[in-house]
Amino acid sequence: MNSTSIQSREPVVVVGAGPVGLWTAAELALGGVRAVILERAVERSPYSKALGVQPRTLEVLAMRGLAQRLIDEGRKVPAWHFGMLPNRLDYRVLDTPFPYMLAIPQLRTERLLEEQAVRLGVQIRRGHAVTGLDQDDDGVRLHVTGPDGDYTLDTQYVVGADGVGSVVRTAAGIAFPGTDTTGYHYLGEVRVTETPVVSAQNEHGAFLSVLLPDGRYRFAGTDAHDNNDRGPMTMEALRATVKRVSGSDFGMHDPAWLSRFGNATRLAEHYRKGRVVLAGDAAHRHVPAGGVGLNVGVQDAMNLGWRLAAVARGDADPALLDDYHEERHAVGEELIEHTMAQSALIAATTPETVALRSLLNSMVVDVPEFALALARRLSALDVAYKSDGHPLIGIRVRGHVSLDGRPVLCTPALGPATAAAAEELGIEVITAESTMLIRPDGHVWWAADDADDHVIAQALRDLGVRFPAPARV
């Protein structure tokens, strides 16, 4: 096509085929809504920005029967770092079936998520770059440049999962306040002739080494002598930095990826504006400290998917998307806070910051409650959405989840009124000691003590959401 053409209307268009976009689209499809993904890149990047899957993300994947496939290919890391502190956080004490950080390249995680999306009927268009959008009360028109030229695509809703430079966020007019870059981190994936130390930190800077599946090592950290260099990373610069910090370059050679990145930190003012919603790096930019970025993004998608599917089907009021903003924006604020704190600890070289680093490092060992709180923060097991109602509302539930993405009602006894309401609304029912309704993302939606049959039935209807029959996979 040589001139702009208009394509048919789609229920939901997801912009970005990274982990966040893929999982959002898969959850939409599970909820009975056809999703199209537009991705500007013709091929998936060969580089893996993220190398770890945190416990809560494994719980999320387990809800859809996918966790074990990743676990079989990854490496379990039972102790993980906060801000590259020498004393590690013990994940083995966490209240989860997955008490470890799973070391696995993002590339493999993306492939699993794409398999799930495609299996559910998601269409992925690679080489289609969104250049702008217009929205009104009736829908959104996307302006796209594809392999055959420019076209527009109409849709009910758009999900911006297109990274920190999000075209969707900018075109929708969503502010992205925060802090500008004040220093740079480095990254290099190389082969070595000597096994490197795991980490080091001193007046020269910091580095962390991670063994990759292909036998290379990833070195990442900061250089106190070259912290404002924003130019391309070179092998010579990486070798010099690592040698200054550790005393050796470990015979590094054969680089596969060299990069620098700044410590700018930003959070979208709104995760939803009209018919546009944001998830992942499009909503929050931060230093990749502690291995949490991909994980928070996938958890954004898990919170969003079932809501947007219900609204797009016409089975819920659009206000349900406002709750997505309220819940996940608060998580984003905590993400910004602890990654900035970690960034400061990693770059600590002044007497004051070195003293702070030493104090916190000792507290990891001397104060188990402190170490547990940090571990729960990094793993996202501490996420509980605030509610003014029953104390169980908003907490995560490890079991009693539906593989087909529908809510589950737990109740000691099923009365006829509740049974009728559950069948009408598409809610699964199981026998349990407590009465509570679990959302498709594994958090408690509603709960009550000693509620009778008619109270439970009315509570289900008052939620105002109906769910379809399970999708065929």
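The shown structure was predicted, so the numbers you read here are calculated from the model rather than taken from an experiment. Start at 1 with the first residue, then count along the sequence.
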* **NZ/NE/NH1/NH2 to OD/OE distance under 4.0 Å, D95 and R376** => yes
* Between Q68 and D72, do the side chains contain an N or O donor and an N or O acceptor separated by less than 3.5 Å? -> yes
* I would like to know whether H143 and D134 meet side-chain hydrogen bond (donor to acceptor under 3.5 Å, both in side chains); could you show each step before the answer? => CA-CA 8 Å; H143 303 277; D134 304 296; 2.6 Å; yes
* Asked: Quick one: does I174's side chain get under 4.5 Å of V168's, heavy atoms only?
  -> no
* Ion pair R406/E428, N-O distance below 4.0 Å -> yes
* Asked: Can you find a side-chain donor-acceptor pair between Q123 and R125 that sits under 3.5 Å?
  -> yes
* Within 6.0 angstrom of R40 CZ, more than 12 heavy atoms from elsewhere -> no
* Asked: Are R64 and E27 close enough for a salt bridge, meaning some N to O gap below 4.0 Å?
  -> yes
* **Ion pair check, E114 and R111, cut-off under 4.0 Å** => no
* Verify whether one side chain among Q458 and R461 offers a donor that lies under 3.5 Å from an acceptor in the other. => no
* Asked: Any side-chain donor-acceptor pair under 3.5 Å between Y324 and D300?
  -> no
* Heavy atoms, side chains only, cut-off 4.5 Å: are H338 and S343 in contact? -> no
* Do T182 and N263 meet the criterion of a side-chain donor-acceptor pair at a distance under 3.5 Å? -> yes
* What's the shortest heavy-atom distance between G83 and I346, and which atoms? -> O-CG1, 3.5 Å
* From CA spacing to verdict: side-chain hydrogen bond (donor to acceptor under 3.5 Å, both in side chains), R328, Y385 -> CA-CA 9 Å; R328 295 307 297 177; Y385 302 124; 2.9 Å; yes
* To do: Give a yes/no verdict on a cation-pi contact between R285 and F176, requiring under 6.0 Å between NZ or CZ and the six-membered ring centre and an angle within 45° of the axis.
  => no
* Asked: Can you tell me if CG on D450 sees more than 12 non-hydrogen neighbours from other groups inside 6.0 Å?
  -> no
* Is R266 salt-bridged to D281, going by a charged N under 4.0 Å from an acidic O? -> no
* Structure fact -> So CG of D323 and CG of L304: to nearest 0.5 Å the spacing works out to 12.0 Å
* **Presence of salt bridge, E327 and K386, under 4.0 angstrom** => no
* Working for side chain to side chain contact (heavy atoms under 4.5 Å, CB included), residues S379 and L94 -> CA-CA 9 Å; S379 63; L94 293 173; 4.0 Å; yes
* To do: Please work out which of the three classes, parallel, tilted or perpendicular, describes the rings of W445 and F467, given edges at 30° and 60°.
  => perpendicular
* Between L70 and R108, is any pair of side-chain heavy atoms under 4.5 Å apart? -> yes
* Test item: V33 and R313 side chains (from C-beta on) under 4.5 Å apart, heavy atoms -> yes
* If you draw a 6.0 Å radius around CD in E337, do more than 12 non-hydrogen atoms from other residues or ligands fall strictly inside? -> no
* With distance as the sole criterion, is a donor-acceptor pair present between the side chains of N303 and R307 under 3.5 Å? -> yes
* Under-4.0 Å salt bridge between E43 and R126 -> no
* **Ion pair check, R44 and E110, cut-off under 4.0 Å** => yes
* Interatomic spacing from NE2 in H270 to CG in L267 - rounded to 0.5 Å -> 11.0 Å
* Asked: Are Y100 and Q54 linked by a side-chain donor-acceptor pair shorter than 3.5 Å?
  -> no
* Would you say the ring centroid of H128 lies under 6.0 angstrom from that of Y151? -> yes
